[in-house]
Amino acid sequence: ALPSLLFYLAAYAVTNVAAFAVTAALPEHRELADYRGLARSRPGLGLALLVALLGLVGTPPLAVFVGKLTTATAAWDGGHGWLVLVVVLNSVLSLFYYLRWFAPVFARPEEHAAGFPGRGGAAAWPAATAGVAATASLGIGVLAGALWAALDGPGIM
């Protein structure tokens, strides 16, 4: 169970960094409606947010999916079926919160909207962090087998 917990913790942390870095790159956007048209105006940030939100839901092949699956499997094997049910119910409930972002992010921007700042300035670091973290979330998910073998090595009990 410990390797699954460590994997899940790392995957969740990286995926959350991606999501929060997108919001840090756009500090003046405080409401969900403010993100309308993000994917058209700033496709890199839109893609990073897409990966982060799908990752937090637990969509394959992203890292959080692997973490949830291995943690739930360890709970099931340990005789804690109720905990697996909690994980599944929490994942289903999270669909409402995370997926409601997609409509505004991928919608056509309104003509009178303020828009999204371009590249450069203080927002460059959070935008780069969002891209790196989203790529890491995808990479960790795709390379989960090799990472799992390393975590399940002899050094971890």
Side-chain angles (χ1 to χ4, degrees), residues 1-27 29 32 34-107 116 119 123-157:
L2 183 59
S4 15
L5 182 62
L6 292 174
F7 189 96
Y8 182 64
L9 178 64
Y12 193 75
V14 166
T15 305
N16 264 306
V17 165
F20 282 104
V22 171
T23 63
L26 304 165
H29 293 77
L32 181 58
D34 294 339
Y35 286 82
R36 183 177 178 90
L38 174 65
R40 292 177 188 262
S41 302
R42 298 284 303 272
L45 285 177
L47 181 61
L49 188 58
L50 171 72
V51 168
L53 294 175
L54 287 175
L56 291 171
V57 168
T59 307
L62 298 166
V64 174
F65 168 76
V66 177
K68 283 183 179 184
L69 180 64
T70 58
T71 302
T73 301
W76 183 267
D77 291 345
H80 301 286
W82 64 270
L83 189 55
V84 175
L85 181 62
V86 169
V87 168
V88 170
L89 288 175
N90 187 45
S91 294
V92 170
L93 291 173
S94 73
L95 286 170
F96 168 76
Y97 178 75
Y98 294 124
L99 297 184
R100 70 187 182 120
W101 281 77
F102 291 159
V105 167
F106 291 98
F116 298 93
R119 292 167 177 40
W125 281 106
T129 301
V132 169
T135 301
S137 179
L138 180 60
I140 291 170
V142 171
L143 299 173
L147 294 172
W148 186 258
L151 283 175
D152 203 23
I156 296 179
M157 296 184 172

Heavy-atom pair of closest approach, residues [X] and [Y]:
| X | Y | value |
| --- | --- | --- |
| A144 | F7 | CB-CZ, 3.9 Å |
| A107 | R40 | O-NE, 3.9 Å |
| A130 | A21 | N-CB, 3.5 Å |
| P61 | L138 | CG-CD1, 4.0 Å |
| R42 | L26 | NH1-CD2, 4.3 Å |
| I140 | A63 | CG2-CB, 3.6 Å |

Using 0.5 Å steps for rounding, measure from the [atom1] atom of [X] to the [atom2] atom of [Y].
| X | Y | atom1 | atom2 | value |
| --- | --- | --- | --- | --- |
| W125 | T129 | CH2 | OG1 | 7.5 Å |
| S4 | L69 | OG | CG | 9.5 Å |
| W76 | L83 | CH2 | CG | 11.5 Å |
| Y8 | T15 | OH | OG1 | 9.5 Å |
| L85 | N90 | CG | CG | 11.0 Å |

With side chains defined as the heavy atoms from C-beta onward, is the minimum distance between [X] and [Y] less than 4.5 Å?
| X | Y | result |
| --- | --- | --- |
| L56 | Y12 | yes |
| L9 | L5 | no |
| F102 | L54 | yes |

Does [X] reach the main-chain N or O of [Y] with its side chain, forming a donor-acceptor pair under 3.5 Å?
| X | Y | value |
| --- | --- | --- |
| S137 | A134 | no |
| T135 | G131 | yes |
| T71 | K68 | no |
| S41 | L38 | no |

Query raised in the report: Parallel, tilted or perpendicular: which fits the ring planes of W101 and Y35, with parallel below 30° and perpendicular above 60°?
Result: perpendicular
Query raised in the report: Which of these passes side-chain contact (heavy atoms from CB on, under 4.5 Å) with V105: L47, L49, L45?
Result: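 For V105, the side-chain contact (heavy atoms from CB on, under 4.5 Å) test succeeds with only one of L47, L49, L45, which is L49.
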Query - F20, CZ: over 12 other non-hydrogen atoms inside 6.0 angstrom - result: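 No, not enclosed.
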